[in-house]
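Here is how names work: the chains are called A, B, and so on, in the same order as the sequence lines, proteins then strands, and each is numbered from 1.
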Protein chains: 2
Amino acid sequence: MQNPESPKYQQQKQAAIRAAAAVFARKGFHGASTTDIASEMGIKQGSLYYYFKSKEEALAEVCLYGIRDYVQRMEEIARDDAPFEVRLLATVRSHLSSYREKNEALKVHNDERLYLPEIKRIKLKQLGSHYRELLEGIFEQGVRDGALREDLDCHFAAQSVIGICNAWGELIVRDPRLDVEQVITKVNDLLLRGLAPMGAKA
Amino acid sequence: MQNPESPKYQQQKQAAIRAAAAVFARKGFHGASTTDIASEMGIKQGSLYYYFKSKEEALAEVCLYGIRDYVQRMEEIARDDAPFEVRLLATVRSHLSSYREKNEALKVHNDERLYLPEIKRIKLKQLGSHYRELLEGIFEQGVRDGALREDLDCHFAAQSVIGICNAWGELIVRDPRLDVEQVITKVNDLLLRGLAPMGAKA
DNA sequence: TAAACATTCTATAAAACTATAGAATACGCG
DNA sequence: CGCGTATTCTATAGTTTTATAGAATGTTTA
């Protein structure tokens, strides 16, 4: 057993999660065989079970790995009270920059809903909801500060941000020529204008 | 063989496509077994091959079925030259209202990219591109008419509309309590404000 | 160096899945 | 009704896949 949680083990486990993330993202959960994942990290199929008890556990680990520091960054943004515009930009940036950089771990979240053991699924759902609630809180603060129009549906706004960021995240991953920084600017701009109070400045 | 293309055959084929669409949407291409699809429409696994030569062909049919009248409605919108605001609303409505109504055929498009035979994939890509180009054209017209800001990146705008509509489409399907008409209004509003010229009216 | 432990490999059992063939049943029409 | 065709069923061959067991190899440390 991997009792000492040795550095090598940790490192390889990380590699296993990354490999699984990449292959799941490319082929989907069922499309990815354990053979694929193993060979992605340069070991044989059977050896993969040294790191994961099952294929589903691999998926669970990938999902949690993908969302965790994601939520963490959102918490930081929510914590220090900058003006709304700054927070929104930080959110969009956090969401979109990680999409390409932090490999494909996030693309899996369509599958996660389906094939995860109950407990893990709940855990993930909590993290996802937590993320959305943090974002909603930022919008509520924005309304209070007058940076957003008063009748704004903050839940709608938060969902829209997540939705549009995910959509552009996909496009960014799919098309390497896209300039991430530029996309971030434009998405931020679109949202800012779309949610601004009636007679806002440019 | 199904020589006469009898009404019953047509009807059952339609049912088969719908069933496949539903199961693919729920479980993804590889997650869906032919047994699942068959039992979804109330027949046995082997019988499915009376309607599809292979599982991949089923996917192809589902994808084409999903996107066709979609593109067609976009063509209508692009054809009669209404003011930009009307066209945008029509687009958002077409996109979102079909999402729940026209079952799950559209959700599959992540898989399609991966598992489709080359020819079908190209066909689909063409349809998708065509759709986006029509939308881009509408934006370009909107800029010319002064309804949109001059420096608007129409490609970006079109992608964003598609992205946000898809995102909300998913939410609509997943949560039956959501009021589609209300979502349409809000999404349209967000986009309209986000893309409007600098000193626009409410 | 040798013992103890960690990591990977090979081989395989058991299950699931696609696709086909041929039998069985349902349907429409003279 | 009864013939011909359309549709569905059963059974199965042939793959592919997950997961496990035990052997083989690497690595650390005393």
Whole angstrom value for the distance that separates P of C:dT7 from CG of A:L48: 14 Å
Which atom of A:E57 lies closest to which atom of A:F52, heavy atoms considered: OE1-CA, 3.7 Å
salt_bridge(B:R18, B:E61) N-O dist < 4.0 Å: no
Base versus backbone protein contacts along nucleotides 16-21 of chain D [heavy-atom cut-off under 4.0 Å; B, S, -]: --BBB-
d(CD1, B:I43; C1', D:dT10) in whole Å: 14 Å
Atom-pair distance (NZ on A:K44; C1' on D:dG22), nearest Å: 18 Å
Whole-Å distance separating the NZ atom of B:K13 from the P atom of D:dT7: 12 Å
side-chain contact (heavy atoms from CB on, under 4.5 Å) between B:Y9 and B:Y50, intermediate numbers included: CA-CA 10 Å; B:Y9 177 79; B:Y50 186 65; 4.1 Å; yes
Pair B:H155-B:F139, ring-ring contact (aromatic ring centres under 6.0 Å, His included): steps then yes or no: CA-CA 9 Å; B:H155 181 75; B:F139 279 111; over 10 Å; no
Nucleotide D:dT28, atom P - distance to OH of A:Y9 in whole Å: 17 Å
Nucleotide C:dT18, atom P - distance to CD1 of B:I37 in whole Å: 8 Å
Under 4.0 angstrom between B:Y51 side-chain N/O and D:dT7 OP1 or OP2: no
Atom-pair distance (CZ on A:F52; P on C:dT7), nearest Å: 14 Å
Spacing of A:Q12 atom CD relative to D:dT27 atom C1', expressed in whole Å: 14 Å
Closest heavy-atom pair and its distance - A:I67, A:L127: CG2-CD1, 3.4 Å
Check: B:T34/B:Q45 side-chain N/O donor and acceptor closer than 3.5 Å: yes
